[in-house]
Amino acid sequence: MNNPGYIDWEKIKADKDILVACGRIFFERVLNGLDDMDVDITHPGEMLAALKAIGPAQLEEKFGVGQSDKLAMRGRIPVRPTDIVSTINKKQEAITDKIADLPGSLKGYNVIVGSTDVHEFGKEIVKNVLIKAGANVYDLGSNVSATEVVDTMGETECNVVVMSTFNGIALSYAKELFADAKKEDINVKLIMGGLLNEVKDGGSLPVDVKPELVQMGVNCDNDAEKLVVNVKAAS
C-alpha cells in the first residue's frame, strides 16, 4: 500500500534503479580489470582469490562508480553514503570549520598518516584536515606496520607521522616504530590519536598508556582541532 505520509515508494524505486545501475557498472569494471590482469574470469576460484588479494579498499579506489575526489574516503564520493560515512563527513566538516585560517596553513609540509588496525575513520578525518590545510599527505591506509611507516619516511624524507589506533596496541606500536626508525637513523616525530590504551603484563583489561607515550616523546593531544598546530610544532 502506498502511503506517502510514511513511505515514499517512488523515491525508493528511483534509488533502487540508481544502485542497481551503479552495481552493474562496478561489476563490469571489476571484470574488465581482472581480465586486464590476466585473471581467468571464467574460473570462479581464480577470480575469488584475485578479489581477496586486491581487497575491498583497492576495488573501490580503482573500479568504484562514485565521483573521484581526493577528500572523499578511498578517493570517491559515494553514490549513496552509508550512515557511518555521512557521520564521518559531518564530523570532519565540523572540525575543519573550527580551525582558523586552515586553507594553506600547512603548505609545503609533508605528513605520513595511517591506522594501526582496521579502524580507518579517525585516519580519514585526520587526512582530510591535513589536505585542506595544504599538506602533502602520504596515506598508508589501515593495518599499517611500523616497518611500512619507516620505509615511507626513508623514501619521502618525511619524519612527521600521524597514526590513528583503536585496538589496544598504542604503546607497543610506538616502541616498535621508534626502534625501527632508530635503526635507519631517522628522527621520527609521532602524533598518535584514537584509543591510547594497551593490556599491560599481568593485566586483563587495557589501561591508559598516554603517560608512557608522552615520556617517549609521542604527541598524544588527541584533538583534531589542534592537528595543524601539532604538525607545525613537530616539523
Side-chain angles (χ1 to χ4, degrees), residues 1-98 102-103 113-133 137-144 148 162-167 193-195 224:
M1 181 177 178
N2 187 8
N3 189 336
Y6 294 93
I7 300 174
D8 187 344
W9 290 108
E10 292 305 315
K11 184 178 185 306
I12 291 174
K13 291 176 182 177
D15 277 357
K16 179 265 294 182
D17 291 340
I18 290 172
L19 292 174
V20 169
C22 290
R24 287 172 176 161
I25 293 171
F26 177 70
F27 174 75
E28 291 297 330
R29 287 181 177 179
V30 171
L31 279 187
N32 291 335
L34 292 176
D35 192 36
D36 290 342
M37 291 184 284
D38 294 326
V39 174
D40 186 354
I41 58 176
T42 66
H43 192 296
E46 189 171 332
M47 282 184 62
L48 287 173
L51 292 172
K52 182 178 180 180
I54 295 170
Q58 288 195 78
L59 285 172
E60 185 173 349
E61 290 170 8
K62 303 298 182 184
F63 308 117
V65 181
Q67 180 182 343
S68 295
D69 187 326
K70 66 179 182 179
L71 293 177
M73 190 171 180
R74 299 194 180 121
R76 291 186 182 276
I77 299 173
V79 175
R80 289 291 184 273
T82 61
D83 289 345
I84 187 64
V85 171
S86 295
T87 299
I88 292 300
N89 288 339
K90 289 177 182 178
K91 283 185 177 181
Q92 65 190 21
E93 288 173 5
I95 290 169
T96 55
D97 286 346
K98 292 179 181 178
L102 180 63
V113 301
S115 172
T116 66
D117 49 77
V118 297
H119 300 91
E120 58 183 344
F121 297 124
K123 186 266 298 178
E124 285 296 310
I125 291 175
V126 166
K127 180 189 74 174
N128 284 357
V129 170
L130 293 171
I131 290 176
K132 287 183 177 181
V137 178
Y138 301 94
D139 183 5
L140 302 185
S142 56
N143 282 318
V144 181
E148 289 178 87
V162 182
M163 293 298 297
S164 174
T165 184
F166 198 78
N167 61 346
L195 201 56

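Note: hydrogens, waters and symmetry copies are ignored here, and every other heavy atom, side chains too, is used.
- The CD atom of Q92 sits 6.0 Å away from the CD1 atom of I125 when rounded to the nearest 0.5 Å.
- Annotation for G114 and V144: closest pair CA-CG2, 4.3 Å, computed over non-hydrogen atoms.
- Atom-to-atom distance recorded for N89:CG and I84:CD1 is 10.0 Å, nearest 0.5 angstrom.
- Taking the side chain as every heavy atom from C-beta outward, L34 and I54 approach each other to under 4.5 Å.
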Do any side-chain atoms of residues 16-28 form donor-acceptor pairs under 3.5 angstrom with protein atoms, and if so which ones, sequence neighbours left out?
none

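- Residues N143 and E148 approach most closely at O-OE2, 3.8 Å, considering heavy atoms.
- F166 is linked by a ring pair (Phe, Tyr, Trp, His ring centres under 6.0 Å) to H119, counting only residues two or more places apart in sequence or in another chain.
- Side-chain contact between L59 and K62 is absent, with no heavy atoms from C-beta onward closer than 4.5 Å.
- Contact check on E124 versus K127 returns a salt bridge, with a Lys/Arg side-chain nitrogen under 4.0 Å from an Asp/Glu carboxylate oxygen.
- Looking at residues two or more places apart in sequence or on another chain, you find a side-chain contact (heavy atoms from CB on, under 4.5 Å) between A224 and I95.
- Counting only residues at least two apart or on different chains, the salt bridge (Lys or Arg N to Asp or Glu O under 4.0 Å) pairs with a member in residues 67-85 are D15-R80, E60-R74, R74-E120.
- Here the shortest heavy-atom pairing between L102 and V129 reads CD1-O, 4.0 Å.
- L31 and I41 make their closest contact through O-CG2, 3.9 Å (heavy atoms, listed as atom of the first residue, atom of the second, distance).
- Side-chain contact check for L51 versus V30: some heavy-atom pair is nearer than 4.5 Å.
- Listed by chain and number, the residues in a side-chain hydrogen bond (donor to acceptor under 3.5 Å, both in side chains) with T165 are T116 (sequence neighbours excluded).
- Sorted by first and then second residue, the salt bridge (Lys or Arg N to Asp or Glu O under 4.0 Å) pairs involving residues 30-46 (not counting sequence neighbours) form an empty list.
- Here the shortest heavy-atom pairing between F121 and M73 reads CE2-CE, 3.5 Å.
- For the atom pair K91 NZ and N128 CG, the distance stands at 14.0 Å (nearest 0.5 Å).
- The two residues K132 and L71 have their closest heavy-atom pair at CE-CD1, 3.8 Å.
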